[in-house]
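First comes the structure, then the notes that go with it.
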Amino acid sequence: MDKRTIPPHISPWAALALIGFFLLTGCGMQRPVDSGPTPEAAHKVVRTAYAQMGKKYRSGGASPQKGFDCSGLIWWVYKQNGYKVPRITVDQASAGRSVPKNQARPGDIVVFRTGSSPRGLHTGIYAGGDSFIHSPRRGEKVRMESMTIPYWRSKLIAVRRVVP
């Protein structure tokens, strides 16, 4: 860092911290989040996911006939409703646009950190009322679960909006 470009009363570290702050906050230029009513298309996504409840978990599965893994359920449900989302969980974690966790609406993808590796993610579809629909793991079936359960509440890392 060239000290000649920094005013003498500001240390280089303070200047670096200030620049970092503005980069992280986006200088306050974030778009407002849509907090209006949930569109019908998003409700259709939830209904499609709801109709898959009881289907078995299957690693790599992405159909009602074979069963679903978590990302396969998300991919299939959105596909049935005319939306293209990635098939793999790590890519679903960046699909659509980010939404503050406290502003999730039905049809949003909820992303959980369930493992320590970069791929240690789990996804579900927010159903409203602090609940989500997902395909949990081997030996289980697609089901709805409360996001207020301490395990899920502590693991939620992102909400992604695909349906505008």
Side-chain angles (χ1 to χ4, degrees), residues 23-26 29-164:
L23 289 174
L24 289 173
T25 62
M29 299 300 289
Q30 295 178 347
R31 291 185 353 192
V33 176
D34 175 17
S35 59
T38 303
E40 180 55 31
H43 285 297
K44 275 188 70 181
V45 166
V46 174
R47 286 193 300 271
T48 304
Y50 188 83
Q52 300 313 304
M53 287 185 19
K55 303 285 193 240
K56 66 182 178 178
Y57 177 91
R58 180 174 179 173
S59 181
S63 73
Q65 298 78 21
K66 293 184 177 183
F68 296 102
D69 62 15
C70 71
S71 61
L73 176 67
I74 305 301
W75 176 83
W76 186 86
V77 165
Y78 275 97
K79 183 178 176 188
Q80 299 310 301
N81 287 279
Y83 295 95
K84 186 174 182 175
V85 298
R87 171 63 182 87
I88 299 170
T89 305
V90 71
D91 296 329
Q92 290 176 355
S94 60
R97 68 179 174 95
S98 180
V99 174
K101 293 179 212 172
N102 65 347
Q103 294 185 20
R105 75 174 187 210
D108 288 345
I109 297 173
V110 286
V111 183
F112 302 90
R113 166 73 56 203
T114 56
S116 57
S117 75
R119 293 187 178 267
L121 299 176
H122 182 72
T123 51
I125 295 176
Y126 186 68
D130 285 329
S131 63
F132 70 107
I133 300 168
H134 68 132
S135 186
R137 64 184 165 274
R138 190 167 44 111
E140 302 285 339
K141 296 180 178 182
V142 174
R143 66 179 181 232
M144 186 177 295
E145 242 176 299
S146 173
M147 291 175 54
T148 63
I149 293 171
Y151 176 82
W152 292 116
R153 187 175 55 234
S154 69
K155 304 284 185 190
L156 181 65
I157 61 166
V159 176
R160 307 298 301 186
R161 183 156 300 154
V162 174
V163 179

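Between Gln103 atom CD and Ser98 atom OG the span is 10.5 Å, to the nearest 0.5 Å. If you take NZ on Lys66 and NZ on Lys55, they are separated by 15.0 Å, rounding to the nearest 0.5 Å. If you take CG on Asn102 and CG on Leu156, they are separated by 10.5 Å, rounding to the nearest 0.5 Å. To the nearest 0.5 Å, atoms OG1 (Thr123) and CD (Gln92) are separated by 4.0 Å.
For the pair Thr38 and Val163, the minimum side-chain heavy-atom distance is 4.5 Å or more. No side-chain heavy atom of Asp69 sits less than 4.5 Å from a side-chain heavy atom of Trp75. Between Pro64 and Gln52, the closest side-chain pair of non-hydrogen atoms falls below 4.5 Å. Side-chain contact between Ser146 and Arg153: absent, with no pair of heavy atoms (C-beta onward) separated by less than 4.5 Å.
The closest donor-acceptor contact from the side chain of Tyr126 to the backbone of Asp130 lies under 3.5 Å. Proximity of a side-chain donor or acceptor of Glu145 to a complementary backbone N or O of Phe132 within less than 3.5 Å is not detected. Without hydrogens or angle criteria, Ser154 side chain to Pro150 main chain gives a donor-acceptor distance under 3.5 Å.
A pairwise comparison of heavy atoms in Ile125 and Gly107 identifies CG2-CA, 4.0 Å as the closest pair. When all heavy atoms of Val77 and Val45 are compared, the pair lying nearest together is CG1-O, 3.4 Å. Closest approach of Gly124 and Ile74 over heavy atoms only: C-CD1, 3.5 Å. Across every non-hydrogen atom of Pro39 and Pro164, the tightest pair is CG-O, 3.3 Å. Among all heavy-atom pairs drawn from Cys70 and Thr89, the shortest one is SG-OG1, 3.6 Å. Taking each heavy atom of Met144 and Ala127 in turn, the nearest pair found is CE-CB, 4.1 Å.
For the salt bridge (charged side-chain N to carboxylate O under 4.0 Å, His left out) criterion with Asp108, the lone passing option out of Lys101, Arg161, Arg160 is Arg161. Screening Trp152, Phe112, Phe68 for a ring pair (Phe, Tyr, Trp, His ring centres under 6.0 Å) with His134, the sole residue that qualifies is Trp152.
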Legend entry - Test side chain to side chain contact (heavy atoms under 4.5 Å, CB included) applied to Tyr57 and Leu73, step by step: CA-CA 9 Å; Tyr57 177 91; Leu73 176 67; over 6 Å; no
Inset, instruction - Determine, step by step, whether Trp76 and Thr48 satisfy the side chain to side chain contact (heavy atoms under 4.5 Å, CB included) criterion, reporting the C-alpha distance in whole Å, the side-chain angles of both residues, the deciding distance to 0.1 Å, and the verdict. - result: CA-CA 9 Å; Trp76 186 86; Thr48 304; 3.8 Å; yes
Inset, instruction - Dump the intermediate steps for side chain to side chain contact (heavy atoms under 4.5 Å, CB included) on Met53 and Ile133, then the final yes or no. - result: CA-CA 8 Å; Met53 287 185 19; Ile133 300 168; 4.2 Å; yes
Inset, instruction - Test Ser71 against Arg87 for side-chain hydrogen bond (donor to acceptor under 3.5 Å, both in side chains), laying out the working first. - result: CA-CA 6 Å; Ser71 61; Arg87 171 63 182 87; 2.6 Å; yes
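Under the rule for a salt bridge (Lys or Arg N to Asp or Glu O under 4.0 Å), the partners of Glu140 that lie at least two apart in sequence or sit in another chain are Arg137, Arg143.
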